[in-house]
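Scroll down for the structure; my scribbles are underneath it.
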Amino acid sequence: MKVLKFGGTSVGSVEGIRAVVEIVKQEKQQNNSIILVVSAISGLTNLLTKMSEEASSGNFDENDLKLFQDKHFEIVKALIDVPNQNPILTKLKLLMNELEALLEGVEILKELSPQTKDLILSFGERCSALLIAKVMQEHVGNSLAINASDYILTDHNFGQANVIEEKSFQNIQQLAKDYSDKLLVVTGFIAANEEGRVTTLGRGGSDYTAALIGAALHAEQIEIWTDVNGMMTADPRFVNKAFSLENLSYTEAMELSYFGAKVIYPPTMAPAFKLRIPILIKNTFQPDFEGTKIQFDSQPTDYPIKGISSIKDIALVNIKGSGLVGKLGFSGKLFSLLAQHHINIVLITQSSSEHSITLAIHHNEVEKAKQLIEEEFCLEIAVKWLEPIEIEENLGIIAIVGENMKKMVGVSGKLFYALGRNGINVRAIAQGSSEYNISVVINENDLSKALNAVHDAFFNHLKKTIHVFNVGVGNIGSTFLNQLEKQKDFLAKNNDIEIKLVGLSNSKKMLFDEN
């Protein structure tokens with residue numbers, strides 16, 4: 001048994017769905033038993049959110065609903081034979097009518113409860129599953145759309161519902177038994193409470209659905225099909241040399257994802273982690289590429305780290321003062337205060353003298369955090385046990401991640417040397433006792449430069465890179481450049497040196513390559 005989850009980009013176009021069909025055909029040819037989990041078509045969950053919020057303010061735009069409908073109808077007309085189109089178009093139209101009635105009700109009441117919003121958002125996955133099941137029926141064989149809200153049971157926490165696993169697992173096992181002869185296409189992201197009210201599973205909800213089904217059926221593997229070649233050593237938007245990782249442990253995947261890698265959202269994969277079910281990240285549009293396998297154990301690698309992750313829009317909150325020294329319960333009071341107001345702390349560091357605590361939090365929460373701390377500890381500030389709260393903004397975090405780090409000497413030295421020789425100032429440092437992660441806070445403007453410098457330090461097979469800015473490109477300059485071009489392979493092979501030409505100038509103009 002395999003569970004294959006296809007994200008919004010995979011089912012968001014005719015080309016994407018054709019690729020999905022070929023992937024499913026190949027699995028069927030290998031006699032694999034599979035269940036598909038599908039997200040809403042790319043962009044349509046955001047569109048449903050927009051429609052619901054505009055309706056609640058009395059500005060529902062019917063053109064948005066038409067766009068939602070047209071996206072589905074276009075795929076039907078492209079991938080399903082004309083004689084077979086009418087039944088699926090009718091089913092989709094009935095769902096569109098139900099959605100329109102809901103939005104009109106929200107517009108009349110000018111009220112959007114979390115319960116109603118979850119019901120509106122569910123139409124993305126419900127329409128997608130119906131559509132993909134019909135396409136599979138046409139091109140693969142006996143298929144059936146399944147609404148996960150009939151099988152996955154949650155509490156009443158609309159928008160971020162908590163799954164009742166035992167009952168949900170029983171329902172999923174019965175589902176697989178009842179329809180063992182069919183290819184099931186299950187809605188991701190949505191579930192229902194005990195009263196049958198539709199709930200949603202929050203961020204990464206479709207991954208969560210796949211993990212729940214995989215765990216309930218003790219699947220051999222869960223496959224997350226997306227539009228990238230697995231998880232990479234760094235963000236390819238910043239680091240041209242980033243490459244796909246063959247394998248990661250669960251811990252490494254969680255660390256990388258926490259610090260910015262968006263391929264999966266690890267908390268949603270917990271049901272699979274508990275049963276040690278491997279998770280494979282694959283590219284729908286390059287199915288022959290091996291992708292990244294996430295499993296319980298970390299596999300051997302030639303590199304000291306597995307990857308580098310980054311987060312932008314970070315601010316530091318610095319709390320200093322003699323009143324912190326030896327003060328029992330201060331940290332607990334501080335963290336409880338922020339937790340009560342749902343402020344997420346990304347990183348914590350404290351001086352060994354206990355004279356200061358530094359918190360890294362997201363930029364959009366910093367003013368609220370500062371106000372809360374000042375109100376809570378106003379007496380300590382008034383008598384100067386605490387200094388005024390300091391805020392540093394326009395910062396980012398880079399984190400190097402890998403289980404092998406704890407077995408190797410000099411990893412942190414290599415990190416700080418790479419940053420230092422490139423003129424990058426470190427504002428705060430944090431490392432867990434597990435040694436899976438070293439995180440540093442730096443200026444946001446230095447993030448791209450830092451990522452490239454650190455990536456070169458850990459993943460470049462050459463010992464030294466020399467960056468050249470050549471001022472003057474006349475006879476001497478051009479001769480020098482020709483020599484560099486002729487000698488670059490020799491220098492790399494025999495001297496472990498890579499020469500990078502980063503800039504040129506003459507008396508009139510300059511060329512510079514930031515990459």
Task: Aromatic ring pairing Phe6/Trp225, orientation class (parallel under 30°, perpendicular over 60°, tilted between) - done: parallel
TODO: Could you tell me how the ring of Phe243 sits relative to the ring of Tyr303: parallel (under 30°), tilted (30 to 60°) or perpendicular (over 60°)?
DONE: tilted
Heavy-atom check, side chain of [X] versus side chain of [Y], under 4.5 Å:
X      : Y      : value
Tyr208 : Tyr265 : no
Val239 : Phe459 : no
Leu65  : Gln69  : no
Lys333 : Phe377 : yes
Thr268 : Leu201 : no
Thr49  : Lys117 : yes
Met510 : Phe469 : yes
Met51  : Ile120 : no

Open item on the list: Go through it in stages, so that I can follow the logic: the residues are Val21 and Met136, the test is side-chain contact (heavy atoms from CB on, under 4.5 Å), and I'd like the CA-CA distance, side-chain angles, deciding distance and then a yes or no.
Closed with: CA-CA 7 Å; Val21 169; Met136 291 300 159; 4.0 Å; yes
Under 3.5 Å, side chain of [X] to main-chain N/O of [Y], donor-acceptor pair present?
X      : Y      : result
Asp235 : Arg237 : yes
Thr209 : Gly205 : yes
Ser356 : Lys320 : no
Asn443 : Asp446 : no
Thr349 : Ile429 : yes
Ser128 : Gly124 : no
Glu393 : His363 : no
Ser257 : Met254 : no
Asn452 : Phe238 : yes
Ser244 : Asn229 : yes

Charged N to carboxylate O below 4.0 Å: is that the case for [X] and [Y]?
X      : Y      : value
Glu498 : Lys241 : yes
Arg18  : Glu15  : no
Lys500 : Asp456 : yes
Lys488 : Glu485 : yes
Asp70  : Lys66  : yes
Glu403 : Lys306 : no

Which atom of [X] lies closest to which atom of [Y], heavy atoms considered:
X      : Y      : result
Ala272 : Tyr250 : O-OH, 3.9 Å
Thr154 : Ala191 : CG2-CB, 3.4 Å
Ile311 : Val346 : CD1-CG1, 3.9 Å
Leu256 : Gly307 : CD2-C, 3.8 Å
His341 : Lys368 : O-NZ, 3.3 Å
Ala148 : Thr187 : N-OG1, 2.8 Å

- [ ] Please assess Thr358 against Val317 for the test side-chain contact (heavy atoms from CB on, under 4.5 Å), listing each intermediate value before the final yes or no.
- [x] CA-CA 6 Å; Thr358 298; Val317 180; over 6 Å; no
Flag if over 12 foreign heavy atoms under 6.0 Å of [atom1], [X]:
X      : atom1 : answer
Asn394 : CG    : no
His467 : NE2   : yes
Asn445 : CG    : no
Gln26  : CD    : no

Between [atom1] of [X] and [atom2] of [Y], what distance do you get to the nearest 0.5 Å?
X      : Y      : atom1 : atom2 : value
Leu481 : Lys486 : CG    : NZ    : 12.0 Å
Gln295 : Ile279 : CD    : CD1   : 10.5 Å
Leu501 : Asn470 : CG    : CG    : 6.5 Å
Thr292 : Ile224 : OG1   : CD1   : 12.5 Å
Gln487 : Asn494 : CD    : CG    : 9.5 Å
Leu334 : Ile319 : CG    : CD1   : 4.5 Å

TODO: Could you tell me whether the side chains of Thr199 and Asp118 share a donor-acceptor contact shorter than 3.5 Å?
DONE: no
Open item on the list: Tell me if the aromatic rings of Phe123 and Phe68 count as close, with their centers under 6.0 Å from one another.
Closed with: no
Below 3.5 Å, can you tabulate the donor-acceptor pairs from side chains in residues 408-423 to any protein atom, sequence neighbours excluded?
{"unit_1": "Asn422", "atom_1": "ND2", "unit_2": "Ala418", "atom_2": "O", "d": "2.8"}

Task: Criterion side-chain contact (heavy atoms from CB on, under 4.5 Å) on Val473 and Ser478, from CA distance to verdict - done: CA-CA 5 Å; Val473 288; Ser478 57; 5.6 Å; no
Task: Asn318 vs Glu392, side-chain hydrogen bond (donor to acceptor under 3.5 Å, both in side chains): CA-CA, chis, key distance, verdict - done: CA-CA 8 Å; Asn318 296 314; Glu392 295 181 61; 2.9 Å; yes
- [ ] For the pair Asp64 and Glu54, evaluate side-chain contact (heavy atoms from CB on, under 4.5 Å) and give the outcome as yes or no after the intermediate values.
- [x] CA-CA 10 Å; Asp64 287 337; Glu54 288 181 349; 3.5 Å; yes
